[in-house]
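Structure first, then comments.
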Amino acid sequence: MPAVAAKLLAWYDACGRELPWRVRGGPADPYRVWLSEVMLQQTTVAAVAPYFAAFTKRWPSVAALAAADEAEVMAAWAGLGYYSRARNLHACARAVAESGFPADEAALRQLPGIGAYTAAAIAAIAFGAKAAPVDANIERVVARLFAIDAPLPGARRAIAAAAATLTPETRAGDFAQGLMDLGRAICTPRAPKCLACPLRENCAGFAQGSAADLPRKAERPPRPERYGTAFVARRADGAVLLRRRPPRGLLGGMDEVPSTEWGAKGAPATPPWPGDWQAAGSIMHTFTHFRLHLAVARAEMAAPAPDGMRWVGADALAEQALPTVMRKVLAAAAL
Ligand code: SF4
């Protein structure tokens, strides 16, 4: 459908969004494209923008990022979530620091943390390759344009194949970014603004009157609930005891206060050491695969830090690699 590409590119030129990592009418810096795409995985533009600004100011090139300590990168990433992305980001920076990013989609996919979507996005946006990245916005637009009514996630392959048929020979990066913008501004999840859409005449979903119901989604099982207790030990000068989580797995390499196992409701809340532990409320945090309910206990403590832990002064807490769930815990303990 070459008409779709021409109409969409004209709309993008007139109405596309200005974003800090976006370049109009010239080649984009692969470093900035890669960094923004990794940050945007599972995260909104509004949440990413200040992190993108901070990272590019502190590490203006991939070589600068590669030269940083992993712990520094993890701390700068704190709050953005999905922390394996930060570890992979650093590993990827080290892998390409000397030779630069490859332009080829298949070679990009070999790099840490770069999956099918990110490889296609970098290839198209930074290198102008005819690649068709499919994010959630593009998935929705394409499912509607082609009236693909098989449910997700099974329909992903058909949607990707359909998206590839739309991609133009030139300006594939602008085309992909135009589809993203259209999905965000016009072809919205619940009430698509079809009357304002440049692709209306080409849209099978609109013609069938089924657009708002697409893409269909297979029913998800309910998210499991997990429970635990977090223990905040505080010294008289305001310092807090923190430890680092193991490098792999959930929140790998991030900092935390000690807590019980996160498991079934009603497990005993045994503190890591004796003390005058006081209840300090509770917090709830939603991870991709479960929802966590943590009771928070706090106690004053004067002893040296136990093995594997460290005292962190109150004024240094902001620079620690504390994930959002732990910042909620510290807030509940009023630190
Ligand atoms: Fe989406 Fe409607 Fe445009 Fe089709 S016509 S692409 S459903 S906004």
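Whatever order the structure lists ligands and atoms in, that order sets their numbers, starting from 1.
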Under 3.5 Å, which donor-acceptor pairs link side chains of residues 96-105 to any protein atom two or more places apart or in another chain?
| unit_1 | atom_1 | unit_2 | atom_2 | d |
| --- | --- | --- | --- | --- |
| Asp104 | OD2 | Ala106 | N | 3.3 |
| Asp104 | OD2 | Ala107 | N | 3.0 |

Original post:
When hydrophobic residues are tied together by side-chain contacts of less than 4.5 Å, even through go-betweens, does Leu251 share a cluster with Tyr82?
Top reply: no

**OP:** Say whether Ile283 and Phe287 are linked into one hydrophobic cluster, either directly or through other cluster members, by side-chain heavy-atom distances under 4.5 angstrom.
**Re:** yes

Original post:
Using a cut-off of 2.8 Å, how many protein N, O or S atoms lie below it in distance from atom 1 (Fe) of ligand 1?
Top reply: 1

Contacts under 3.5 angstrom, residues 123-134 side chains, donor-acceptor by atom type, not counting sequence neighbours:
| unit_1 | atom_1 | unit_2 | atom_2 | d |
| --- | --- | --- | --- | --- |
| Lys130 | NZ | Glu169 | OE2 | 3.3 |

Extract all donor-acceptor atom pairs below 3.5 Å that involve side chains of residues 258-266 and protein atoms in other chains or at least two apart in sequence.
| unit_1 | atom_1 | unit_2 | atom_2 | d |
| --- | --- | --- | --- | --- |
| Ser259 | OG | Trp262 | NE1 | 3.0 |
| Thr260 | OG1 | Thr229 | N | 2.9 |

Subject >> ring pair (Phe, Tyr, Trp, His ring centres under 6.0 Å) between Tyr51 and Trp77, worked out >> reply: CA-CA 7 Å; Tyr51 283 87; Trp77 192 276; 7.2 Å; no

